[in-house]
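Written below as structure tokens is the structure these notes are about.
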Amino acid sequence: MSKIFGTLMKTVYSVGNIPIDIKQRRLDPIKAQTKELTKLLKRASSTAFGECYHFDRILQSDDIFNAFRESVPIFDYNSMYKNWWFRALNGETFVSWPGKVKYFALSSGTSEASSKFIPITNNMLSSIKKASLRQILAATKYDFPLDFYDKGFLMIGGSTHLQYNGTYYSGDLSGISAAKLPFWFEYFYKPGRKISKTTDWNTKLDEMVKKAPSWDIGVLVGVPSWVQILLERIIKEYNLNTIHDLWPSLSAYVHSGVAFAPYEKSFEKLFGKPVVYSESYLASEGYIAYQVDLNKRIMQLIVDNGIYYEFVPFNEANFDEDGNIRPNSKSLTLSEVEEGVDYAILLSTNAGSWRYLIGDMIRFVNKEKCEIIITGRTKQFLSLVGEHLSQDNMNQAVENISNELKVQINEFTVAGFREEKYFAHHWYLGCDEPIDKEVAIKKIDEHLKVLNDDYRVEREEALSNLYIDILPTHVFYDFMEKTGKIGGATKFPRVLKGKRYDDWKDYISSMNLEK
């Protein structure tokens, strides 16, 4: 079967014998976005949302982009749920998308404590499936052997078990998607439906470790921290040198959710041969982008697959000090953005999201090709006194000192607080090797001054002190387990604020760790 499937995959892609809506096409992104917005407005014009905001009038406008952003306000989760989605959750039809919503993805992100109910429609599931196939097919451009396409795909996500309350199903997006897997993919899908339904992360981990020798894995998919934990457990359990001793065909790792750079050195030690790294951008609200060139760690925005995008410059004019969007913030269309600027992204989708602020920030590296990188979260930044320290700045500084000190720093987080009449930052680095704390914080400070002019200025003014603690990496994961956020797609927040910071400090104190 492997040679048949591999030959089929390579052949149909190379000769273009794939449905035009599946294969990634060269297209005009502005025209594609015009088409997507038009389709979305037409489909939803008969919904309560569409009637409220006069979608029929917007469709008649000469400038559909401008008419749309002038007629429809920007929504965050709270406002979208309070005004619209709660009605769909209660079983009402034609609320913000035609028909009845049968599935809701539970999502809390890294900055919110309570679960969010994100509507998932059949149209959205079709779009996710289409984008996933595109990413798989894009790999045929690379010189993988034919039998690579018959190897297992180990997908490490949240539990695929769905709760049913008599009206709708709810659970992790991976569970909703797994229920709609194409029949032919069942052969490749690991760890299989039974293990995937397990709700307890540690039990699931034990089961995957037990089954690992019976699998022939070619592709890993998942958030780096949890994939790393699994691979380390397997290597230890079977006394391996690297994971390739067990899975010699492992050739690709598809990661998402967080910047991969802090984990790369750790993964290199787990692998015995080169592995291709590929990034994807799949949120509960839709499949936004994926890496199309495996030689460049940059993703390409998917502009023709059920999502219309807008971009809000992430600056003080549009966002307050807590990362909340200000009233009357101005959004930009794809034709209006600039390269090298951080934007909060708004989505309007075929799941009934409209001008919805998902909380992620992106930056265009190449506007013409719609190539982007994720730079952080709107609420995962520090700007106590105008230092405007982004998650991208933090990632880069930690990567730099990791390289300079020749240590692995897999996790970190930062908090800011008032200290008498001045302010301070407290860094927590997760590292299992000896580090001189004073050297580490000095180097972090030096790198941030180079990366961020605002930070450099404020370090001479109101940002008076920096503190640092070096903690065993497991402390970060233990805290996540204690707070019910272990495994799957959950990530440790790079910035701690409010109650989350208080809980973290209490937890660290209770551990009696040597600082």
Side-chain angles (χ1 to χ4, degrees), residues 77 80-81 84-93 95-109 112 114-136 153-186 188-201 204 221-223 226 254 256-257 280-290 302 305-307 347 349-353 356 358 360 484-491:
Y77 175 77
M80 195 72 202
Y81 179 83
W84 300 100
W85 286 347
F86 83 94
R87 294 164 57 178
L89 202 65
N90 288 330
E92 186 177 339
T93 61
V95 178
S96 61
W97 192 252
K100 181 180 180 179
V101 180
K102 297 181 180 179
Y103 299 97
F104 287 85
L106 296 179
S107 172
S108 61
E112 302 290 343
S114 59
S115 292
K116 301 175 182 178
F117 288 80
I118 309 297
I120 305 294
T121 63
N122 286 331
N123 295 106
M124 175 56 72
L125 288 171
S126 295
S127 293
I128 291 173
K129 186 187 302 183
K130 187 188 302 182
S132 300
L133 287 171
R134 284 182 177 180
Q135 187 172 17
I136 292 171
F153 282 64
L154 178 54
M155 306 174 73
I156 305 169
S159 172
T160 61
H161 177 72
L162 301 179
Q163 298 287 343
Y164 182 61
N165 74 342
T167 303
Y168 60 84
Y169 293 91
S170 63
D172 192 270
L173 177 62
S174 61
I176 298 172
S177 300
K180 300 288 184 178
L181 282 175
F183 75 92
W184 55 266
F185 193 68
E186 293 281 353
F188 310 96
Y189 174 55
K190 309 297 180 187
R193 290 191 181 275
K194 183 177 179 180
I195 295 177
S196 295
K197 284 185 177 180
T198 305
T199 55
D200 181 76
W201 165 251
K204 178 186 286 188
V221 182
V223 173
W226 306 119
V254 181
S256 62
S280 64
Y281 186 3
L282 172 58
S284 297
E285 295 83 2
Y287 211 133
I288 296 169
Y290 62 84
I302 306 172
N305 193 32
I307 301 178
L347 303 183
T349 75
N350 54 13
S353 297
Y356 180 74
I358 64 172
D360 290 334
K485 291 183 175 295
I486 187 171
T490 54
K491 291 88 66 178

(request) Working to the nearest 0.5 Å, report the span between OH of Y287 and CG of L173. (result) 11.0 Å
(request) Check step by step if side-chain contact (heavy atoms from CB on, under 4.5 Å) holds for Y103 and L162. (result) CA-CA 9 Å; Y103 299 97; L162 301 179; 4.1 Å; yes
(message) Using a 3.5 Å distance criterion without hydrogens, assess whether the side chain of S127 forms a donor-acceptor pair with backbone atoms of N305.
(response) yes
(message) Is there a side-chain contact between I128 and L282 in this structure, where contact means two heavy atoms from C-beta onward sitting under 4.5 Å apart?
(response) yes
(request) Please work out which of the three classes, parallel, tilted or perpendicular, describes the rings of Y77 and Y81, given edges at 30° and 60°. (result) parallel
(message) Rounded to the nearest 0.5 Å, what separates atom CD1 in I195 from atom NZ in K197?
(response) 13.0 Å
(message) A side-chain contact here means heavy atoms from C-beta on lying under 4.5 Å apart; do S256 and Y290 qualify?
(response) no
(request) Mind listing the closest non-hydrogen atom pair of I176 and G171 along with its distance? (result) CD1-O, 4.2 Å
(request) Please examine the side chains of I302 and R134, heavy atoms only from C-beta on, and report whether any two atoms are closer than 4.5 Å. (result) yes
(request) Could you tell me the separation between the NZ atom of K190 and the CG atom of L154, rounded to the nearest 0.5 Å? (result) 9.5 Å
(message) What's the separation between atom NE2 in H161 and atom CG in D172, rounded to the nearest 0.5 Å?
(response) 12.5 Å
(request) To the nearest 0.5 angstrom, please state how far the CE atom of M124 sits from the OG1 atom of T349. (result) 4.0 Å
(request) Find out whether I358 and I288 are in side-chain contact, i.e. whether some heavy atom of one side chain is under 4.5 Å from a heavy atom of the other. (result) yes
(message) So which atom in K204 and which in T198 form the shortest heavy-atom distance, rounded to 0.1 Å?
(response) CE-O, 3.4 Å
(request) Find out whether M80 and S96 are in side-chain contact, i.e. whether some heavy atom of one side chain is under 4.5 Å from a heavy atom of the other. (result) yes
(message) In terms of relative ring orientation, are Y356 and W85 parallel, tilted or perpendicular, with 30° and 60° separating the classes?
(response) tilted
(message) Closer than 3.5 angstrom, by distance alone: can the side chain of T121 be matched with the main-chain N or O of N350 as a donor-acceptor pair?
(response) yes
(message) So F117 and L106, do their side chains get closer than 4.5 Å, heavy atoms only?
(response) yes
(request) Output the distance between atom CG (N165) and atom CG (L89), rounded to the nearest 0.5 Å. (result) 7.5 Å
(request) Could you check if a side-chain atom of T167 sits within less than 4.5 angstrom of a side-chain atom of N90, using non-hydrogen atoms only? (result) no
